[in-house]
Amino acid sequence: MLDFTAIDFETASGYIPCSIGIAVVRSNQVVSVENHLIKPICYPYFQWYAQKIHGIHKEDVADAPTFDVLWKDIEKHFSHTMLIAHNAAFDINVLRKTLAHYKIPRPQAKYMCSYILAKKAWNGNQKFSLDFLSRQENIQLNHHHSDSDAEACARLLLREAEILGCEDFEQLRHKTQLRAYKV
């Protein structure tokens, strides 16, 4: 059985988060999905292109907690688990840089990338983006809304494991020859 936490960040600028989506999976079932706005380190600055992509503006996060305050509520989803993100290099970097900024220790967790796994599961595809695969697999997605992206990522990972005939992460790592990395 697969137990993991899928995450997705939306950013105000570069690697500075303004929103996080969290989808918790237990025994191959999505059991909770959360969305949290974050008052970014760079507040009130927002890169115009980021706003255009996700639609979050400085007014939306004016009363949101900073990440260090929010972390006290969400840390439980990050400790001693497998984290999954679609394009994990980006999301894990956002997490690492934000934790470092606030001098918060990294959680005891490992991570894998559903984008890289998608290349193994659907090796005949030309595209592996979250929106493309969600359409292909009939997974509901409100793209660039962090909760929806995290849930779609979770459902894609479950589908990838099914396609690859894997029941747990050990089988998934063995079959794909992909590693799980420490956060």
Side-chain angles (χ1 to χ4, degrees), residues 4-25 30 32-79 81-107 109-118 127-136 139-157 181-183:
F4 61 92
T5 299
I7 62 169
D8 180 75
F9 283 103
E10 298 299 330
T11 58
S13 177
Y15 291 100
I16 301 172
C18 61
S19 175
I20 184 172
I22 301 167
V24 178
V25 174
V30 176
S32 70
V33 178
E34 299 177 11
N35 186 59
H36 300 278
L37 291 175
I38 301 165
K39 188 176 214 172
I41 298 161
C42 61
Y43 185 82
Y45 175 76
F46 269 72
Q47 186 179 37
W48 71 269
Y49 188 71
Q51 290 179 97
K52 183 178 174 183
I53 290 172
H54 54 59
I56 300 170
H57 298 85
K58 66 182 179 183
E59 298 81 15
D60 299 321
V61 299
D63 296 323
T66 55
F67 188 84
D68 57 328
V69 173
L70 178 62
W71 185 248
K72 294 170 186 150
D73 293 331
I74 65 173
E75 179 182 13
K76 63 185 176 238
H77 300 306
F78 290 78
S79 297
T81 191
M82 180 69 74
L83 297 177
I84 302 294
H86 205 74
N87 188 11
F90 174 79
D91 292 284
I92 296 301
N93 263 331
V94 171
L95 179 62
R96 286 176 176 164
K97 288 174 184 281
T98 306
L99 291 169
H101 174 81
Y102 288 107
K103 297 178 177 49
I104 300 169
R106 289 183 187 177
K110 291 188 175 185
Y111 72 91
M112 292 183 82
C113 180
S114 60
Y115 179 88
I116 294 172
L117 285 167
K127 293 177 74 177
F128 302 97
S129 64
L130 186 63
D131 56 335
F132 177 84
L133 291 174
S134 292
R135 278 191 307 275
Q136 175 182 297
I139 294 171
Q140 190 172 23
L141 175 67
N142 190 358
H143 202 28
H144 297 300
H145 290 226
S146 58
D147 54 344
S148 184
D149 286 2
E151 183 175 3
C153 174
R155 294 190 185 284
L156 278 176
L157 187 280
Y181 298 93
K182 288 184 180 181
V183 171

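Worth knowing before you read on, the calculation uses all heavy atoms, side chains too, and leaves out hydrogens, waters and symmetry mates. Fair warning: this is a prediction, and the values are worked out from it, not measured in the lab.
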The side chain to side chain donor-acceptor pair (under 3.5 Å) partners of S79 (sequence neighbours excluded) come to none
Is the distance between the ring centroids of Y15 and F90 under 6.0 Å? yes
Who are the salt bridge (Lys or Arg N to Asp or Glu O under 4.0 Å) partners of E10, not counting sequence neighbours? none
Do you know which two heavy atoms are closest between C113 and A88, and how far apart they sit? SG-N, 3.4 Å
Got a sec, which residues hit ring-ring contact (aromatic ring centres under 6.0 Å, His included) with Y181, two or more places apart in sequence or on another chain? Y111
With sequence neighbours excluded, tell me which residues meet side chain to side chain contact (heavy atoms under 4.5 Å, CB included) with S148. L141, N142, H145
Could you report the tightest heavy-atom contact between A64 and L37, atom names first, then the distance? CB-O, 3.7 Å
Heavy-atom closest pair (I16 atom, P40 atom, distance to 0.1 Å) is CG2-CB, 3.6 Å
Roughly how far, to the nearest 0.5 Å, is CZ of F78 from CD1 of I22? 4.5 Å
Residue pairs passing the side-chain hydrogen bond (donor to acceptor under 3.5 Å, both in side chains) test with at least one member in residues 67-76, sequence neighbours excluded, are T66-D68
Can you tell me how far the OG atom of S134 sits from the CG atom of L156, to the nearest 0.5 Å? 4.5 Å
Quick one: are H77 and E34 in side-chain contact, heavy atoms under 4.5 Å? yes
Donor + acceptor pair across side chains of S114, H86 (<3.5 Å): yes
Are M82 and T5 close enough that some pair of their side-chain heavy atoms sits under 4.5 Å apart? no
Looking at every heavy atom in both A150 and A6, which two are closest together, and how far apart are they? O-CB, 3.3 Å
How long is the gap from CD1 on I92 to NZ on K110, to the nearest 0.5 Å? 13.5 Å
For residues S146 and D8, is any side-chain donor paired with an opposing acceptor at under 3.5 Å? no
Check residues 42-54 and write down every donor-acceptor pair under 3.5 Å in which the side-chain atom is one partner and the other belongs to a residue at least two apart or another chain.
from, atom 1, to, atom 2, distance (Å)
H54, ND1, A50, O, 3.4
H54, ND1, I56, N, 2.9
H54, NE2, T11, O, 2.8
H54, NE2, A50, O, 3.2

Mind jotting down which residue pairs meet the salt bridge (Lys or Arg N to Asp or Glu O under 4.0 Å) criterion with at least one end in residues 139-155? Sequence neighbours excluded, please. E151-R155
side-chain contact (heavy atoms from CB on, under 4.5 Å) between V30 and V24: does it pass, once the steps are laid out? CA-CA 6 Å; V30 176; V24 178; over 6 Å; no
How would you list, by chain and number, every residue that makes a side chain to side chain donor-acceptor pair (under 3.5 Å) with H144, sequence neighbours excluded? none
Name all pairs fulfilling the side-chain hydrogen bond (donor to acceptor under 3.5 Å, both in side chains) condition that reach into residues 88-99, sequence neighbours left out, sorted by first residue then second. none
Taking side chain to side chain donor-acceptor pair (under 3.5 Å) as the test, write out the residues that go with H57, two or more places apart. none
Sorted by chain and residue number, the side chain to side chain donor-acceptor pair (under 3.5 Å) partners of D60 (sequence neighbours excluded) come out as none
CZ/F4 to CG/L83 distance, rounded to the nearest 0.5 angstrom? 10.5 Å
Looking only at heavy atoms, which two atoms of D131 and S129 are closest? And how far apart? OD1-OG, 2.7 Å
Excluding sequence neighbours, so at least two apart, what forms side chain to side chain contact (heavy atoms under 4.5 Å, CB included) with L70? I20, H36, I38, P65, I74
